[in-house]
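Here the structure comes first, spelled out in structure tokens, and everything after it is commentary.
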Amino acid sequence: MGRSFIGYPGFAGDAGPASSRPRLGALAWGLAALLGLAGCAGAQAPTAAEQQAGEAPSVALAAPETAAPAAPAAPTAPTPETPAPVVVPPAARQAVLDAYEAVQKRRWADVDRLAPQAAADPVLGLYPRYWALLNRLQDRARPVPDTEVRQFLADAAGTYLDERIRAEWILASTRAGDYAQALRVPAVDDPSASVRCALLLARHQSGKRARSSEVLDAFRPTADCWDMLDQVASDHVLSRKELNGLLRDILETGKQNHADRMAGVVFDDAAMVQYAALMKNPRKWLESRGQPRAAVDFELAAIALSRLARSDDRPEAARYIQEHWAGWMPKADLQWVWGQFGLVAALNVDPEAARWYRQSGFVPMTDYNHAWEVRAELRAAPIDWNRVATAIRKMTARQADEPVWRYWYGRALAAQGNAEAARQYYESIASEQGFYGLLATEELGRAPSLPPQPGPLDPGWIAQARANPGLRRAVALFELGWRKEAVPEWNFALRGMNDAQLRGAAEFAREQHIYDRVVNTSLLTRSVADFSQRFIAPFEGQVAAKARQIDLDPAWVYGLIRQESRFITDARSHVGASGLMQLMPATARHVARKIGLKDFKLSQVNDFDTNTILGTNYLNMVLQDLNGSELLATAGYNAGPGRPKRWRSQLLTPVEGAIFAETIPFTETRLYVKNVLSNAVYYSMLFSGRPDSLKARLGTVNPMSGTRTALP
């Protein structure tokens with residue numbers, strides 16, 4: 001039940017390739033800072049949550065397709081072998097542990113001292129040396145230790161630490177101005193945005209001029225990307241229109257520090273004075289201005305007008321724009337302003353959002369904003385399905401190809417009487433294992449079903465996983481509780497594995513009771529879907545028993561736990577939620593008091609029995625507080641029960657549950673609800689052997705006044 005509404009990775013429908021004009025495509029995180037909402041979008045590959053919820057592109061579909069590619073021939077299983085025992089000298093492992101503690105306390109001299117002794121640990125011995133080297137590479141005041149890096153890479157070849165140090169070497173070399181060295185570093189397989197920007201800068205400074213499309217594609221607001229942008233902007237790689245587009249996109253996110261930094265790239269000193277004034281009080285600044293004359297005046301005015309969308313009285317602000325500025329502003333600039341009005345209104349669940357969006361015409365917007373235009377139309381009363389379809393057609397091909405928008409486009413086609421075309425769109429995503437695949441299946445008149453369970457896994461694949469040095473190293477890190485180090489080690493070891501190897505690795509994780517790796521590893525298979533792994537149900541029915549004691553659906557509870565913690569009993573979120581069911585401290589105390597759990601101490605919250613008793617009881621309380629709706633209760637468990645009450649109170653007419661779920665303004669909660677409820681459908685089918693209905697679980701949400709709740 002982690003509460004995280006700022007900086008949460010968004011879905012690919014919230015960000016992605018730019019629309020027709022060059023844009024900072026993946027830089028649209030929402031308006032969280034100003035609105036208290038999470039409409040965020042991260043600049044990274046789609047997460048497993050996004051993929052499962054159908055909010056990330058899976059395959060490039062130029063037109064609806066139903067034929068699946070033939071599965072490749074299964075590779076021959078390796079001969080099972082017992083891995084050679086690894087002897088870890090206790091003194092060496094203790095040196096690793098002591099070095100880890102020294103890193104937390106930033107005692108770098110101690111790390112250097114302990115590294116030679118730790119090297120005798122054949123599993124984790126490289127880590128102290130890695131931590132010390134990483135500290136040197138990230139210290140801009142020190143020379144880049146090239147010789148030491150080369151020695152480390154020779155000893156760590158092929159490991160995750162090898163990859164990580166190469167990435168840091170590129171960054172350090174570029175920061176030091178040694179562009180030739182940065183370009184000589186062997187390629188990193190999965191470079192971060194910072195590494196991509198550093199390499200682009202190094203290449204640009206070495207004589208191969210960067211192209212504007214490369215800059216727009218690579219840029220994210222990190223220190224190394226700002227360095228790159230400063231240089232290419234001063235070299236006039238980007239046009240004035242492209243720079244303005246970057247600033248507009250960042251302003252849309254509500255990240256004030258990023259916007260101010262970008263404004264410093266876009267505007268000269270005189271314009272920056274005006275920018276600072278308009279950001280402080282846009283209405284006052286606008287009222288002090290006359291008709292814009294120069295290009296920079298028009299851009300400043302457009303920004304100021306867009307800021308009026310955040311005023312307490314948007315209709316009045318819109319009248320002011322129409323009466324005093326509409327005759328002066330270029331049509332495209334004014335349409336962009338109305339798009340901002342639509343976005344702010346949509347994120348505030350304002351029924352007027354669609355009206356603002358309809359004034360934006362076909363002006364290019366971020367993918368994030370295009371997604372919210374569709375949602376605004378879905379929330380309109382009555383729904384104009386032609387406008388829903390039109391809003392989806394405004395998207396880039398990549399964004400419109402996501403299962404979420406394929407589904408809603410199919411719905412729009414069906415509502416307009418084009419049943420055959422709608423069927424083709426449903427068919428194209430019905431095999432997707434997630435929220436929109438399930439909905440599409442039901443639209444086709446079919447009962448959802450589980451995919452065929454693949455045949456038994458040859459023990460040789462599990463034995464191969466047990467012997468994999470990277471996986472063994474990750475397990476050692478998990479055993480120490482160092483999840484921050486363990487997860488990337490595990491994920492790195494999975495690279496290049498075929499489906500059988502991935503299933504073997506997932507079974508190895510099951511043996512070690514590392515249940516999140518069971519699920520996440522199995523999700524990577526391409527030709528088979530092993531639901532015994534993807535929808536693991538550990539703890540031998542104990543969770544189900546506690547659910548049944550208070551008449552909760554065990555499938556729903558398992559679906560929630562799978563999303564909350566992936567069955568990690570000591571999971572802890574960055575906001576302080578703990579245990580299998582991710583209970584916040586105040587929530588745990590409240591529920592313990594309500595159910596009469598005597599002598600409860602917060603230290604017990606990670607205990608399996610205590611956590612599941614408190615978690616299931618809280619879920620039941622939220623369910624009763626929200627009139628028995630699994631949809632609303634799932635949203636309330638994540639965002640707090642008062643929020644779905646507020647969203648419900650702003651409805652004009654009853655809406656189907658799928659539309660309510662799609663228009664939840666918090667990205668984290670929207671994904672969470674979709675995943676929990678689709679999880680519940682799959683668990684129900686696994687537990688009962690009978691079909692289940694996602695539409696039935698979603699139900700209909702009726703307008704209902706009142707937002708007060710006694711629950712935390």
Side-chain angles (χ1 to χ4, degrees), residues 1-15 28-33 35-42 46-56 254 343 346-350 368 371-372 375-376 378-379 404 434-436 556 559-565 573-577 581-584 587 615 618-619 622-623 625-626 629-651 655 657-680 694 697-699 701 707 709 711-712:
M1 193 175 59
R3 306 287 93 80
S4 174
F5 303 117
I6 304 295
Y8 186 83
F11 68 101
D14 291 353
W29 304 279
L31 298 167
L35 303 175
L37 302 176
C40 354
T47 65
E50 295 159 358
Q51 291 168 338
Q52 184 183 338
E55 295 196 1
L343 177 60
L347 291 174
N348 279 285
V349 203
D350 183 343
Y368 181 69
W372 275 106
R375 296 187 183 113
L378 288 171
R379 192 110 174 181
V404 52
F435 190 81
Y436 283 106
W556 182 36
L560 184 141
I561 294 174
R562 182 181 187 272
Q563 196 61 29
E564 283 284 2
S565 65
S573 78
H574 68 280
V575 293
M581 298 190 72
Q582 289 291 278
L583 292 163
M584 295 291 287
T587 302
Y618 179 66
L619 182 59
V622 176
L623 181 67
D625 194 40
L626 287 160
S629 167
E630 283 189 5
L631 165 60
L632 296 178
T634 302
Y637 195 90
N638 178 262
R643 287 191 172 95
K645 285 189 172 187
R646 181 170 69 84
W647 301 331
R648 179 181 63 185
S649 73
Q650 291 172 273
L651 292 173
V655 301
I659 290 177
F660 188 91
E662 182 55 55
T663 58
I664 290 172
F666 294 170
T667 298
E668 176 186 339
T669 305
R670 186 172 62 254
L671 290 172
Y672 179 90
V673 165
K674 293 178 183 181
N675 286 330
V676 168
L677 293 178
S678 58
N679 289 349
L694 177 56
R697 287 182 182 273
L698 290 166
V701 180
T707 61
T709 179
L711 297 174

Any donor-acceptor pair under 3.5 Å from Arg670 side chain to Ile664 backbone: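 Flag set: sc Arg670 to bb Ile664 pair under 3.5 Å.
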Please check: side-chain N/O of Glu668 versus main-chain N/O of Asn638, any donor-acceptor pairing under 3.5 Å?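 Judged by distance alone, no pair lies under 3.5 Å.
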Could you walk me through whether Leu343 and Tyr368 pass side chain to side chain contact (heavy atoms under 4.5 Å, CB included), step by step? CA-CA 9 Å; Leu343 177 60; Tyr368 181 69; 3.9 Å; yes
Write down the atom of [X], the atom of [Y], and the distance for their closest heavy-atom approach.
X	Y	answer
Tyr436	Ala53	CD1-O, 3.3 Å
Trp647	Ala639	CH2-CB, 4.3 Å
Asn348	Gln650	O-NE2, 3.1 Å
Asn679	Gly559	ND2-O, 3.0 Å
Arg646	Ser649	O-OG, 2.7 Å
Leu694	Ser678	CD1-N, 4.3 Å

Atom CG of Asn675 and atom OG1 of Thr634: how far apart are they, to the nearest 0.5 Å?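 Answer rounded to 0.5 Å: 11.0 Å.
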In Å and rounded to the nearest 0.5 Å, what is the OG1 to CZ distance from Thr669 to Arg643?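 Going from the OG1 atom of Thr669 to the CZ atom of Arg643 covers 7.5 Å.
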Which class fits the ring pair Tyr618 and Tyr637: parallel under 30°, tilted 30 to 60°, perpendicular over 60°?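 Ring orientation, 0 to 90° scale: tilted.
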Would you please name every residue forming a side-chain contact (heavy atoms from CB on, under 4.5 Å) with [X], sequence neighbours left out?
X	result
Ala633	Trp556, Val622, Leu623
Ser629	Leu631, Leu632
Asp625	Pro641, Lys645, Thr709, Leu711

Which residues satisfy the side-chain hydrogen bond (donor to acceptor under 3.5 Å, both in side chains) test with Arg379, sequence neighbours excluded?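 Per chain and number, Arg379 pairs via side-chain hydrogen bond (donor to acceptor under 3.5 Å, both in side chains) with Thr663.
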Kindly indicate whether the side chain of Val673, heavy atoms from C-beta on, has any atom under 4.5 Å from the side chain of Phe435.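 Not in contact.
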Any Tyr672 side-chain heavy atom under 4.5 Å of Glu564 side chain: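 SC-SC contact between Tyr672 and Glu564 confirmed.
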Got a sec, which residues hit salt bridge (charged side-chain N to carboxylate O under 4.0 Å, His left out) with Arg697, two or more places apart in sequence or on another chain?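 Partners of Arg697 under the salt bridge (charged side-chain N to carboxylate O under 4.0 Å, His left out) test: Asp553, Glu630, Asp692.
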